[in-house]
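Just so it is clear, the model here is predicted, and its values are computed rather than measured. Letters A, B, ... are given to chains in the order of the sequence lines, protein chains preceding strands, and every chain is numbered from 1.
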Amino acid sequence: MMQEAPMIKITNLEKFYRTEEVETIALNKLSIEIATGEFVAIMGPSGCGKSTLLNILGMLDDPDAGSYIFNDIEVAHFTERKRADLRKHNIGFVFQSFNLIDELTVFENVELPLIYTGVASADRVKRVEEVLDKMQIMHRRNHYPQQLSGGQQQRVAIARAVVNKPKLILADEPTGNLDSSNGNDVMELLTDLNEQGTTIIMVTHSEHDARYSHRIIRLLDGQSVMENIMV
Amino acid sequence: MIKNYIKTAFRGLQKNKGFTAINILGLALGLATCLLIILYVIDELSYDRYNTQASRIFRVNEDLKLGDNSVQYAVCMPPLAKTLKAEYPYVENAVRLKNAGSWHVKKGNSTILENRLAYADPSLFAIFTLPMINGSPSSALTEPNSVVITETTAKKYFNSINVVGQTLLLNDNTPFKVTGVIRDVPKQSHFNFDFFISMSTWPDSRSNEWLRSDYNTYVLLKDRTDAKKLEASFPALLKKFSGAQMQAQVNMSIEAFEKSGSFFKMNLIPLTDIHLKSNLSGELSPNSTTQYIYIFSAIAIFILLIACVNFMNLSTARSSNRAREVGVRKVLGSDRKQLIAQFLTESVLVTFVATLLAFVAALFLLPVFNQLSGKELLINGQSLVWIVPSLLLISLIVGGIAGSYPAFYLSAFQPVEVLKGKLATGFKGSGLRSFLVVFQFSISIFLIIGTLVIYNQLNYIQTKNLGYNRNQVLIVQNVFELNRQAKTFKQEVKEIPGVINATMTGFLPTSNWKNTSIYYKDATLDQKKSLFPQSWEIDEDYIKTLDMKMVLGRSFSKDMPTDSNGIILNESAAKFLGLNDGINKTLYRSQGGKHSLDNVKQYHIVGIVKDFNFNSLRESVSPVVMTLAENTGALSIRVDTKNLPALLSQIKDRWKELSPNVQVNYSFMDQEFDASYRMERRTGQIFIVFTSLAIIIACLGLFGLAAYAAEQRTKEIGIRKVLGASVSAIAGMLSKDFIKLVFISIVIASPIAWYLMNKWLQEFAYRINIQWWVLVLAGVAALLIAVVTVSFQSIKAAIANPVESLKNE
């Protein structure tokens, strides 16, 4: 059967953390493939290497050994600049603590990735308004993050993550700081995005949230111990 | 992109109002101080540059060594100017100026004492750029009894500037024809006169003597003439003219003269160097020195550096707030370059605001600064032409320097780390930061020590026992205006109750009357045994009135008729001649003219007076001899009364009875003394003000730094408190690191300050020793300042609720 090449293919990925005396293995020869359009949840106990994996997948960090092929390009040993360049065009991030910039308004926060990718000003306004509309926070466009509820802040963060139309969204416990109602709203949003074609990788502690995904990868001590395919 | 940077910067600054205020205030204060210093330095450097031919104008100086005495003069021989012009084709022109002292000028029925008069050759206006509004520049100073006055003077006496042809009555009502009105001499000129009297009025100006020097002589060289060429011809010139006269008068060839170790030299000083590099005998007005330019420039740079360090420290203090922003921006695709650009934009913006503030502050402070410095600095359209671009440049440079550290430091944050809430390093970690703190403290301690030393030295000058008593002495000036009645005046004044004593002479320790003469120890007039002292004419009451002490012998006395040939030496003169017990020994003085024993006057030494200071305390006391003669320069009156106004009016009455038409002019000796140290005192005051500012700015920085330290360790403080640490233990822990750095700074700054300040003190012949307590005091002061500023933040951090800081994860 002809199969499309996966969006992400990591092979024997290793990552160590060294302090003066101790070496901790965060990722131990981990190999995973993720296809375009998938919605994958990564689960596991604290310290299992979830966040490390997400950081490497997001090109915020580089592996110590192994291969990471993103859209047919080997990126494991890219320089920081090259990674940044690839990242800003292809990947959107959603964090547990939202990570909005306090000094910027909702509109300006969402606009930021477009500035860094060099989108023209008139075009920016159009695209930001479009995405704010979609996230239903248009009426809050001139507010500052502190003036919003947690759920609203996360919606802004998602708007910011998708405004550049990335192929991949990495979400690090996106509902961790939200109550269940707001959390469900966020999961619905992510599902919508996925249905429109965006690949989503989400780290979570919540079995409930994981159920929104197509596949759950469970990590333990830096290794994949089990995969559940959701029906 | 820039718009986004500015927006973020602006809102961030607005959000952290306290930090922003300290930051901008410190920078603005530093920049304002800097601007004032720049104005001051530029003013000092601009002296005499108003002359369009400045680069071709030189003054001839004379260097004289006679036996063991050497003197450098700003004046030369009477015939030099015309000889230079006649003998050397590349000397385009030459002019002499001679300070004319104080003159009374009649205005209506009253007279006004003017001090700014000079005799000048007709070529004055062809050499110096002194634009004439009325009159003919080429001929104005040709005829005797002509006078050229400044615009202000013309208005003062005639209420008009069209006064050419009018008559001014000078001194004994001698008529002078006003032949020209010029624009006021610019402030930035090494001479400043209101009246230029034609040189031909002064008979001595036609003298052909080549063995004395009393005319300030300037030459204008032709274009592209090397001044060294003229200098090289001086020895031959001196040999030809001075040599011939020496042979005739003293029967000595110039070769023999030089063989005996003496010499006679001339050199040229560029006009524009005079104000800052020349402090010779016979200057037209007291000059400044480059030393102050260096000191002030150094302070300006120090202050700017301190302000920059403040900025760096305060910006990094905000780093934990900014770290998350850096992380987010990096995640969203910003590379490091863009972040550096962002932070630099931010610091340039802050500096720019500070610069605007500084400019406004400088405008307001300028009058105060002018009063302090005795200058008339201006910010006007003309100076704005260079002030505005240089301010922009400064704000770019300072913004760049100040912003560079935060920019590189903050932009290096790893997003993975900071988004987790982990910060790279704590306060202890960074060597550069410790270095910055030590650097700032060291400068502060250095400045504190410097200020203390300067203050002590100035205080020492003010209170030093000068060998005479300047308090309670009233000086009535120009007693010669009473002519023959001068002696009567003295007698009458002495009889007024409240007058203790009075002495009549212009030669006072505080006055500018100076006269030098050559005295020989033996009758052969051997130069090796000669003395070249101040030679003062005094009366019998001098020593007593001025409260000087005789160390040997006695003062002059009316009862000793032979005292007319008596002489009193000061200790320096006695020591120089090896006559420490020289009472009744003889000194010889050439009368001028033919060099022979019949042409020599003999003096017997009647006493030796304790050394007293009459020059600047920068110089040691030079030899003085005093002879008994009538000199009516001034009458100094020692008074002892609580009712000074009454006494004054009695003295004025006596004067009026003797000379109803001439106004009496008086001053107090202590004020005259103070006036001669005005320049020194001013400089000292400016120094103290600037260093205080520097210290204040440094304190602002410390304050921010302490906040930084506390902020970096918020979590640690929280944990320690949960585990039971007391507030005082935590405050102590936070302060400890600072105290350590202050100690390091003390160790670095003290020896440097001690060395450099000792070097400064070397300029004074009479100086304090730097006491150990000065160093200790400076150290303790710095520690105290540090502890106070730091503990404010430490205690704030220590009493904070640990729950707040710990839940921050």
Side-chain angles (χ1 to χ4, degrees), chain A residues 15 17 26 51-62 79-105 107-121 124 144-146 156-157 160-161 163-164 166 170 172, chain B residues 1-17 19-20 315 318-343 345-346 349-350 408 410-422 424-425 429 807-809:
Chain A
K15 182 76 184 174
Y17 290 109
S51 293
T52 306
L53 176 62
L54 204 65
N55 288 335
I56 290 175
L57 290 177
M59 298 175 212
L60 294 174
D61 210 350
D62 51 356
T79 60
E80 197 187 322
R81 268 194 81 149
K82 274 171 115 177
R83 277 192 271 140
D85 203 46
L86 199 60
R87 181 168 68 224
K88 67 184 172 193
H89 288 106
N90 294 293
I91 306 175
F93 288 85
V94 178
F95 301 95
Q96 174 180 2
S97 51
F98 325 133
N99 279 328
L100 298 172
I101 294 176
D102 293 341
E103 283 78 24
L104 300 179
T105 62
F107 182 92
E108 288 157 358
N109 262 293
V110 176
E111 186 190 19
L112 209 51
L114 297 177
I115 292 177
Y116 285 124
T117 43
V119 176
S121 172
R124 289 206 299 265
Y144 287 92
Q146 310 91 286
V156 175
R160 187 178 64 182
V163 72
N164 236 345
L170 297 175
D172 192 353
Chain B
M1 191 83 80
I2 286 274
K3 215 174 105 196
N4 184 270
Y5 292 166
I6 293 177
K7 205 156 52 189
T8 325
F10 187 71
R11 294 197 190 134
L13 295 172
Q14 224 178 10
K15 206 171 129 195
N16 298 284
K17 287 199 184 71
F19 274 125
T20 309
S315 304
R318 281 178 56 212
S319 65
S320 59
N321 304 334
R322 301 302 296 274
R324 208 171 53 91
E325 182 193 332
V326 171
V328 171
R329 282 183 185 270
K330 280 196 167 181
V331 166
L332 295 180
S334 170
D335 61 26
R336 193 160 172 210
K337 243 199 266 170
Q338 286 169 315
L339 281 166
I340 290 174
Q342 182 191 342
F343 288 119
T345 311
E346 194 172 314
L349 191 76
V350 169
F408 287 96
L410 289 171
S411 65
F413 285 151
Q414 286 304 317
V416 175
E417 307 278 320
V418 292
L419 291 180
K420 264 190 215 156
K422 265 197 273 178
T425 44
K807 79 171 181 199
N808 239 335
E809 185 67 333

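- Scanning for salt bridge (charged side-chain N to carboxylate O under 4.0 Å, His left out) contacts around B:Arg329 gives B:Glu325, with sequence neighbours left out.
- Of all heavy-atom pairs spanning B:Leu332 and A:Lys88, the tightest one is O-CB, 3.8 Å.
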Decide side-chain contact (heavy atoms from CB on, under 4.5 Å) for B:Arg11 and A:Thr105; before the verdict, give the C-alpha distance in whole Å, the side-chain angles of both, and the deciding distance to 0.1 Å.
CA-CA 10 Å; B:Arg11 294 197 190 134; A:Thr105 62; 4.2 Å; yes
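- Residues that satisfy the side-chain contact (heavy atoms from CB on, under 4.5 Å) test with A:Asp61, not counting sequence neighbours, are A:Lys15, A:Tyr17, A:Asn55, A:Ile56, B:Val416.
- By number of non-hydrogen pairs under 4.5 angstrom with chain B, the leading residue of A:Thr117, A:Leu100, A:Asn164, A:Ile91 is A:Leu100.
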Passes side-chain contact (heavy atoms from CB on, under 4.5 Å), A:Ile115 versus B:Gln338? Steps please.
CA-CA 11 Å; A:Ile115 292 177; B:Gln338 286 169 315; over 6 Å; no
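- Contact of B:Lys330 with chain A is made through backbone and side chain together, with heavy-atom distances under 4.5 Å.
- The minimum heavy-atom distance between A:Asn99 and B:Val328, with the atom names listed, is O-CG2, 3.2 Å.
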